[in-house]
Amino acid sequence: MIDLRLLREDPERVRASQRARQADPGLVDALLAADEARRAAVTAADSLRTEQKAASTAVRGASAEERPAILDRAKALAAQVKAAEAAQAEADLALRSAALALPNTVLDGVPPGGEQDFVVLEQVGQIPSYDFPVKDHLDLGTALAAIDTERGAKVSGSRFAFLTGWGALLELALVNLAMGAAVEAGFTPVIAPALVRPEAMEGTGFLGAHAAEVYQLEGDDLYLVGTSEVPLAAFHSGEVVDELPYRYAGFSSCFRREAGSHGRDTRGIIRVHQFEKVELFSLVAPADADAEHLRLLAYEKAFLSLLELPFRVIDVAAGDLGTSAARKYDCEAWLPSQERWLELTSTSNCTDFQARRLGIRSRGEQGLAPVATLNGTACATFRTIAVLLEVHQRADGSVHVPEALRPYLAGRKELLPQ
RNA sequence: GGAGGCGUCGCCUAGUCCGGUCUAUGGCGCCGCACUGCUAAUGCGGUUUGGGUCUCAAGCCCAUCGGGAGUUCAAAUCUCCCCGCCUCCGCCA
């Protein structure tokens with residue numbers, strides 16, 4: 001939810017953001033109109049209530065003979081107040097839905113345009129070349145007895161997989177490495193719930209445009225999270241937080257319906273309905289948000305380097321930002337089998353957008369004000385495993401194990417086909 | 001899942017039975033001022049949050065006693081639903 005005061009002061013800035021996102025600038029004017037309508041309704045209801053309170057007080061002090069008349073007037077006012085309150089509630093609701101429809105205002109410098117309009121900021125490492133025909137991660141993983149998508153489909157459906165043997169251990173190794181490094185960098189480790197209430201989902205902006213992506217439990221009014229960003233963001237909801245910054249590294253399973261991606265990445269474990277992830281989440285003073293964003297990006301880069309993966313960093317275009325993000329950097333690793341870059345980590349600066357919805361505030365010079373929230377991937381397991389197997393494959397089907405992972409894999413330097 | 005108890009403006013707390021100066025009491029903490037030759041004590045004042053009005057500020061107004069709905073001229077107080085916490089029972093990794 002954006003700041004309505006800022007919207008009133010400078011609506012053109014928000015319209016420009018919408019245009020950069022290739023979204024409807026009309027939403028801005030709809031919100032302005034809803035805001036004005038609500039303020040009118042509030043003023044009307046407030047003044048009626050003032051009258052009603054006076055009338056109600058008069059009832060108490062009234063003598064027996066004047067009482068009936070005063071009571072009649074009080075009753076009439078009560079009815080008017082009730083109507084005015086209903087109108088106000090309606091205006092509140094209209095304002096709320098208009099506000100929820102509008103995504104965060106993008107920051108200066110964000111490339112305008114759609115998914116293809118990103119800007120490459122840098123490339124780390126060389127695109128690997130192989131003097132043998134490369135296999136994809138599913139062939140490699142099957143030969144290693146590490147990935148079993150056939151049984152995944154049998155048991156749970158398409159886009160599910162079993163990780164077995166070294167595959168299972170590799171997942172745990174990645175989680176341990178990511179968690180350990182994050183803790184060393186000052187993040188507080190958290191095991192987060194994967195089921196959350198609607199407020200948590202909505203507060204993080206996942207029930208808007210991306211509602212179709214989210215699994216919902218019909219019987220319990222709970223949602224399965226697509227990322228532990230959701231429980232981590234909601235962790236401090238409704239709280240006044242001091243002693244900023246707060247930095248968390250949350251682990252959870254992640255569930256995604258992949259509703260809009262039929263036919264995309266159907267092979268292997270690049271795009272699955274369930275995977276595990278370590279997610280970084282920071283709460284900082286709004287003025288420190290940009291610096292924190294770069295800090296999260298630096299952390300992600302360091303982690304990919306530990307995995308000895310070549311990657312590039314892109315500045316994601318406005319139209320490809322999530323609802324809550326004002327700026328987003330993705331790290332994309334090279335996927336040899338498809339000879340393309342694949343997003344492995346993503347870090348978003350949500351400014352005060354999430355915090356406003358979730359009621360996370362801190363005390364500043366202006367009194368209580370929403371904090372800034374930022375999130376970033378430390379490690380999303382399945383997809384990272386896919387890239388690791390492919391990049392580090394050898395001609396004989398064995399796979400090199402990066403040094404940083406070896407302590408978590410019984411010291412193994414390579415994984416061998418079974 | 002069953003039974004009972006509880007939820008008050010940072011923290012603790014009075015008020016809820018029996019609706020009306022509750023404009024929510026007191027303490028702690030915090031902020032400001034005064035005094036005392038020191039950052040202690042004491043005294044005085046302030047201290048929920050959100051919204052509206054307003055050029056700014058002040059002021060004024062409205063809402064807010066876990067959340068929502070209802071009864072009433074009037075709800076912290078009465079009724080219902082929901083959420084959370086605690087105790088006991090049942091079940092369970």
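Letters go in sequence order (proteins before strands), and every chain restarts at 1.
Atom-to-atom, CZ of Arg356(A) to C1' of G50(B) comes out at 13 Å; the value is rounded to the nearest Å. Rounded to whole Å, atom C1' of G51(B) lies 11 Å from atom CZ of Arg39(A). Per the geometry, NZ belonging to Lys75(A) stands 13 Å off C1' belonging to U71(B), to the nearest Å. As rounded to whole Å, 7 Å separates atom P of U23(B) from atom NZ of Lys53(A). Rounded to a whole Å, the CG atom of Asp72(A) is 10 Å from the C1' atom of C73(B). When the C1' atom of U53(B) is taken as reference, atom CG of Asp35(A) falls 14 Å away, rounded to whole Å. Rounded to an integer number of Å, the gap from Glu85(A) CD to C73(B) C1' is 14 Å. Atom CD of Gln88(A) is separated from atom P of U64(B) by 11 Å (rounded to the nearest Å).
In this structure, U16(B) forms no base pair with any nucleotide, since neither Watson-Crick nor G-U wobble geometry is met with both distances under 3.5 Å. Of the nucleotides present, none pairs with U23(B) by Watson-Crick or G-U wobble criteria with both distances under 3.5 Å. Pairing partner, A74(B): none, since no Watson-Crick or wobble contact has both distances short of 3.5 Å. Of the nucleotides present, U49(B) is the one that pairs with A63(B) by Watson-Crick or G-U wobble criteria, both distances under 3.5 Å. Base pairing of U87(B) is made with A3(B), judged by Watson-Crick or G-U wobble geometry with both donor-acceptor distances under 3.5 Å.
Within 4.0 Å (heavy atoms only), Ala78(A) reaches sugar-phosphate atoms of the nucleic acid but no base atom. Nucleic acid contact class of Arg197(A) (heavy atoms, under 4.0 Å, all strands): sugar-phosphate only.
Remark: Gln52(A) is in phosphate contact with A74(B), judged by side-chain N or O atoms under 4.0 Å from OP1 or OP2. The side chain of Arg361(A) places an N or O atom within less than 4.0 Å of a non-bridging phosphate oxygen (OP1 or OP2) of G50(B). Listed pair Arg38(A) / G51(B) fails the phosphate criterion, with no side-chain N or O lying under 4.0 Å from OP1 or OP2.
Between G66(B) and U72(B), the distance separating the two P atoms is 23 Å to the nearest Å. Comparing U42(B) with C80(B), their P atoms sit 48 Å apart, to the nearest whole Å. Taking atom P on both nucleotides, C73(B) is separated from G68(B) by 23 Å, rounded to a whole Å. The same atom, C1', is picked in G7(B) and in U13(B); the two are 14 Å apart, to the nearest Å. Look at the P atom in both A40(B) and C33(B): the space between them is 14 Å, to the nearest Å. The same atom, P, is picked in A75(B) and in G20(B); the two are 11 Å apart, to the nearest Å. Taking atom P on both nucleotides, U23(B) is separated from A76(B) by 8 Å, rounded to a whole Å. The gap from the P atom of C78(B) to that of C65(B) amounts to 14 Å, rounded to the nearest Å.
Where Asp46(A) and Leu71(A) each meet RNA chain B at their nearest nucleotide, the meeting point lying more 5' is that of Asp46(A).
Separation of atoms CD1 (Ile314(A)) and CZ (Phe118(A)) is listed at 5.0 Å; rounding is to 0.5 Å. Distance OG1/Thr373(A) to CZ/Arg357(A): 11.0 Å, rounded to 0.5 Å.
Listed nucleotides: G52(B), G84(B), C73(B). Nearest to the side chain of Arg5(A): G52(B).
Within a 6.0 Å sphere centred on CZ of Arg19(A), heavy atoms belonging to other residues, nucleotides or ligands number more than 12.
A donor-acceptor contact under 3.5 Å is formed by the side chain of Ser56(A) with the base of G20(B).
Considering Leu306(A), Asn176(A), Leu388(A) as possible partners of Leu405(A), the one that fulfils the side-chain contact (heavy atoms from CB on, under 4.5 Å) test is Leu388(A).
Of the N and O atoms on the side chains of Thr142(A) and Asp148(A), not one donor lies less than 3.5 Å from an acceptor on the other residue.
Put simply, the side chain of Ser56(A) never gets that close to the backbone of Lys53(A): no donor and acceptor are under 3.5 Å apart.
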For this session: Evaluate the side-chain hydrogen bond (donor to acceptor under 3.5 Å, both in side chains) criterion for residues His400(A) and Glu308(A): first the C-alpha distance (whole Å), next the side-chain angles of each, then the deciding distance (0.1 Å), finally the verdict.
Result: CA-CA 10 Å; His400(A) 160 79; Glu308(A) 302 168 21; 2.8 Å; yes

